[in-house]
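A quick write-up on the structure given underneath.
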Amino acid sequence: MYLLLAAFVLTSAFLLQPQETSTPVNIASLSMFMGILLWVALIWYVAFHSRWKPLLLLDVLTAAWIILLIRNIN
């Protein structure tokens with residue numbers, strides 16, 4: 001989870017730097033990808049750390065974030 005957070009921060013920092021015209025779109029997509037993966041990791045981290053695992057709820061939340069990820073990449 002810390003690696004995902006570090007990747008998200010780096011991509012967000014690169015997004016704020018002045019770039020060429022096509023580069024910000026690619027970096028924005030990568031930043032969105034890292035942010036959504038971070039939220040999915042957070043959902044499962046809290047579930048395993050608290051030892052409360054409603055699998056249906058976890059699967060639905062994960063699927064919702066994956067759908068958002070696919071929509072934002074396209």
Side-chain angles (χ1 to χ4, degrees):
M1 195 155 159
Y2 287 126
L3 291 175
L4 284 173
L5 182 61
F8 178 69
V9 168
L10 284 175
T11 55
S12 296
F14 285 134
L15 185 62
L16 296 175
Q17 298 292 326
Q19 302 282 330
E20 297 175 9
T21 56
S22 65
T23 306
V25 174
N26 295 334
I27 294 175
S29 176
L30 184 61
S31 178
M32 184 63 66
F33 177 74
M34 287 298 153
I36 290 175
L37 284 181
L38 185 62
W39 278 107
V40 169
L42 177 67
I43 291 168
W44 285 92
Y45 173 77
V46 169
F48 280 107
H49 187 61
S50 66
R51 292 188 179 106
W52 184 66
K53 297 178 194 126
L55 292 179
L56 182 61
L57 177 64
L58 292 173
D59 290 339
V60 167
L61 287 174
T62 302
W65 282 112
I66 289 173
I67 289 169
L68 287 173
L69 174 67
I70 291 170
R71 287 185 55 106
N72 284 321
I73 287 175
N74 288 334

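Source: prediction; values computed, not measured. One is the number of the first residue; the rest follow in order along the sequence.
In this view, L4 and M34, L37, L38, A41 satisfy the side-chain contact (heavy atoms from CB on, under 4.5 Å) rule, not counting sequence neighbours. With sequence neighbours excluded, the residues that form a side-chain contact (heavy atoms from CB on, under 4.5 Å) with W65 are I36, W39, V40, I43, L68. With sequence neighbours excluded, the residues satisfying side-chain contact (heavy atoms from CB on, under 4.5 Å) with I67 are R71.
Atoms CG and CG, from L61 and L57 in turn, are 4.5 Å apart once rounded to the nearest 0.5 Å.
Membership of the apolar cluster around L56 extends to V60, as traced through chained side-chain contacts below 4.5 Å between ILVMFWY residues.
Linking ILVMFWY side-chain heavy atoms closer than 4.5 Å, directly or via other members, places Y45 and L3 in two distinct hydrophobic clusters. By the criterion of side-chain heavy atoms lying less than 4.5 angstrom apart, applied directly or through intervening Ile, Leu, Val, Met, Phe, Trp or Tyr residues, L55 is grouped together with L42 in one hydrophobic cluster.
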